[in-house]
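Note that ligands are numbered from 1 as they come in the structure, with each ligand's atoms numbered from 1 the same way. The figures here come from the full heavy-atom set of this structure, side chains too, leaving out hydrogens, waters and symmetry mates.
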Amino acid sequence: MPTILDGNRIRDAIKEELRPRIARLAAAKRPPGFAAVLVGNNPASETYVRTKTKTSQDLGMCSQKLALPESITTEELLAIVNHLNTRKDVDGILVQLPLPPQVDTKRILLSVAPDKDVDGLHPYNVGCLVAGLPALRPCTPAGILQLLQRYEIPIAGRRAVVVGRSDLVGKPVALILLERNATVTICHSKTTDLAGVCREADILVAAVGRPALLTADHIKPGATVIDVGINSLESREEVARIFRNSAEKLAAFERKGSVLVGDADPFALAERAGAYTPVPGGVGPLTIVMLMANIVDSAERHLEI
Ligand code: NAD
């Protein structure tokens with residue numbers, strides 16, 4: 001039976017470790033401060049920002065949401081970010097993406113002070129990751145490392161294959177695994193013989209965004225598979241095909257109108273993997289808690305604790 005890597009359990013453990021650190025900061029100086037910038041009314045962005053601010057408040061941080069109009073200009077948003085950069089009570093700034101088309105997203109992300117860039121996506125922080133220097137790390141990749149470490153899955157000397165080369169997940173995961181001495185291959189949409197490369201992996205990370213792209217053909221028996229993909233299936237036929245007519249999944253589809261699946265075929269994972277992350281409940285829960293960890297790290301640095 002493969003080990004199911006339970007992201008909810010690890011998230012709860014990390015939260016419990018953060019609580020005393022937050023309490024110590026609050027008692028000594030002030031609680032960690034978090035500012036989330038939300039532009040416009042994108043429902044998914046609103047949900048993400050609400051979850052992030054609520055989680056930080058539940059942990060005892062001081063957080064605020066800046067809700068800004070869809071019509072905002074690049075210059076106006078730059079002024080707001082610059083103000084947050086100078087505020088002594090703000091340790092972490094998160095600009096929720098996507099931004100409206102008239103806003104220059106790259107300029108905005110570059111304007112976030114690197115020591116407050118709790119998403120870990122500023123080129124300064126990416127450069128530190130490449131150079132092996134301590135800095136704020138991107139949340140989803142940092143969460144994947146936590147999962148592997150806390151389940152005591154060896155990384156050094158193992159073959160790791162990362163499918164996907166996004167700045168958000170694929171590239172930083174590959175760099176983090178390399179830093180931990182894995183032998184790393186990155187695959188992408190132009191890779192030839194994807195299945196053959198994936199079959200070499202002791203640790204296979206899928207960050208593609210294609211429902212059940214990786215099949216039994218891609219998974220070496222006993223491999224650890226980290227499935228980052230979150231894909232919403234919105235057709236009954238697709239749910240029936242991918243979940244092999246599972247009555248439970250079809251009933252969930254009838255109830256909710258959609259069903260989630262990762263980038264790996266769930267049956268292939270159960271049959272061939274030695275350990276794997278489920279979707280949902282695997283990598284997903286770790287992203288937000290690693291954001292919280294970054295805010296606390298940043299506050300400790302700012303307050304020299
Ligand atoms: P992206 O679209 O930016 O990148 C996808 C990558 O997959 C690209 O590098 C592309 O080259 C590669 N790719 C596309 N088709 C391919 C194919 N057929 N074969 C091999 N490679 C292919 O996506 P992203 O932002 O990295 O996100 C990937 C998935 O992870 C999405 O489903 C997203 O929702 C999910 N995600 C989950 C979390 C989480 O917290 N669990 C966080 C971020 C992203």
Side-chain angles (χ1 to χ4, degrees), residues 4-11 14 42-45 47-52 55 94-99 105-106 109 118-121 126 129 137-148 160-177 184-201 204-215 217-219 225-234 238 242 258-266 268-269 276-294:
I4 296 186
L5 305 172
D6 181 351
N8 289 319
R9 186 169 76 74
I10 303 299
R11 172 201 58 202
I14 296 172
N42 178 330
S45 295
T47 306
Y48 291 141
V49 166
R50 196 168 40 248
T51 312
K52 290 166 188 173
T55 307
L94 178 135
V95 180
Q96 186 64 48
L97 302 180
L99 293 171
T105 300
K106 284 203 170 134
L109 294 182
V118 283
D119 252 348
L121 299 175
V126 176
L129 175 57
R137 297 280 163 96
C139 304
T140 304
I144 292 171
L145 180 64
Q146 287 293 325
L147 256 184
L148 293 171
V161 173
V162 178
V163 190
R165 57 174 161 185
S166 70
D167 293 340
L168 188 65
V169 189
K171 281 184 209 163
V173 169
L175 287 165
I176 284 175
L177 293 172
V184 183
T185 305
I186 305 178
C187 299
H188 46 77
S189 52
K190 303 282 188 287
T191 297
T192 53
D193 188 20
L194 180 68
V197 180
C198 289
R199 271 200 309 275
E200 291 176 11
L204 178 59
V205 181
V208 184
R210 301 270 183 283
L213 173 77
L214 305 186
T215 64
D217 219 22
H218 298 73
I219 302 170
V225 183
I226 305 294
D227 191 350
V228 187
I230 304 176
N231 307 296
S232 177
L233 301 178
E234 275 151 29
E238 222 182 353
I242 290 178
S258 65
V259 167
L260 291 184
V261 70
D263 288 343
D265 168 5
L269 288 174
Y276 68 92
T277 54
V279 176
V283 176
L286 290 164
T287 299
I288 289 184
V289 83
M290 295 316 292
L291 173 71
M292 301 300 122
N294 275 350

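Of the candidates S166, G209, G262, the one placing a heavy atom closest to atom 31 (C) of ligand 1 is G209. For atom 23 (O) of ligand 1, the nearest non-hydrogen atom from the set V208, L214, V163, I144 comes from V208.
Here the heavy atom of the protein found nearest to atom 34 (O) of ligand 1 is I230 O, 3.7 Å. Closest to atom 8 (C) of ligand 1, if we only count protein heavy atoms, is R165 N, 3.9 Å. The closest protein non-hydrogen atom to atom 10 (C) of ligand 1 is S189 N, 4.1 Å. Ranking the protein heavy atoms by distance from atom 21 (N) of ligand 1 puts H188 C, 3.1 Å first. From the protein, the heavy atom lying nearest to atom 30 (O) of ligand 1 is V228 O, 3.5 Å. In this structure, the protein non-hydrogen atom closest to atom 40 (O) of ligand 1 is T287 OG1, 2.6 Å. Of all protein heavy atoms, the one lying nearest to atom 42 (C) of ligand 1 is T140 OG1, 3.4 Å. With hydrogens left out, the protein atom closest to atom 43 (C) of ligand 1 is V169 CG2, 3.7 Å, a heavy atom.
Near A207, the atoms of ligand 1 lying under 4.0 angstrom from a non-hydrogen atom of the residue are 5 (C), 6 (C), 7 (O), 26 (O), 28 (C). When each atom of ligand 1 is checked for a heavy atom of G284 under 4.0 Å away, the hits are 40 (O), 41 (N). In summary, the atoms of ligand 1 found under 4.0 Å from a heavy atom of L168, numbered by their order in the structure, are 25 (O), 43 (C).
Under the side-chain contact (heavy atoms from CB on, under 4.5 Å) criterion, P211 pairs with N231, L233, E238, I242, V261, not counting sequence neighbours.
Distances from ligand 1 to the non-hydrogen atoms of T191 include no value under 4.0 Å. Using 4.0 Å as the threshold, G170 has no heavy atom nearer than that to any atom of ligand 1. In this structure, C187 has no heavy atom closer than 4.0 Å to ligand 1.
Atoms CZ and OG1, on R50 and T55 in that order, are 11.5 Å from each other to the nearest 0.5 Å. Atom-to-atom distance recorded for L214:CG and L269:CG is 8.5 Å, nearest 0.5 angstrom. Atom CG of residue L175 and atom CD1 of residue I186 lie 6.5 Å apart, to the nearest 0.5 angstrom. Interatomic distance, L145 CG to M290 CE, rounded to the nearest 0.5 Å: 8.0 Å.
By the criterion of a heavy-atom distance under 4.0 Å, neither the backbone nor the side chain of K190 is placed next to ligand 1. If you look at N231 next to ligand 1, the close heavy atoms, those under 4.0 Å, all belong to the side chain.
In this structure, atom 27 (O) of ligand 1 has no protein heavy-atom contact shorter than 4.0 Å.
Annotation: D263 places no N or O atom under 3.5 Å from an N or O atom of ligand 1; distance criterion only.
The salt bridge (charged side-chain N to carboxylate O under 4.0 Å, His left out) contacts involving residues 166-176 comprise D167-K171, where partners must be two or more places apart or lie in separate chains.
When the options L97, L121, T140 are evaluated for a side chain to side chain contact (heavy atoms under 4.5 Å, CB included) with L168, the one that passes is L121.
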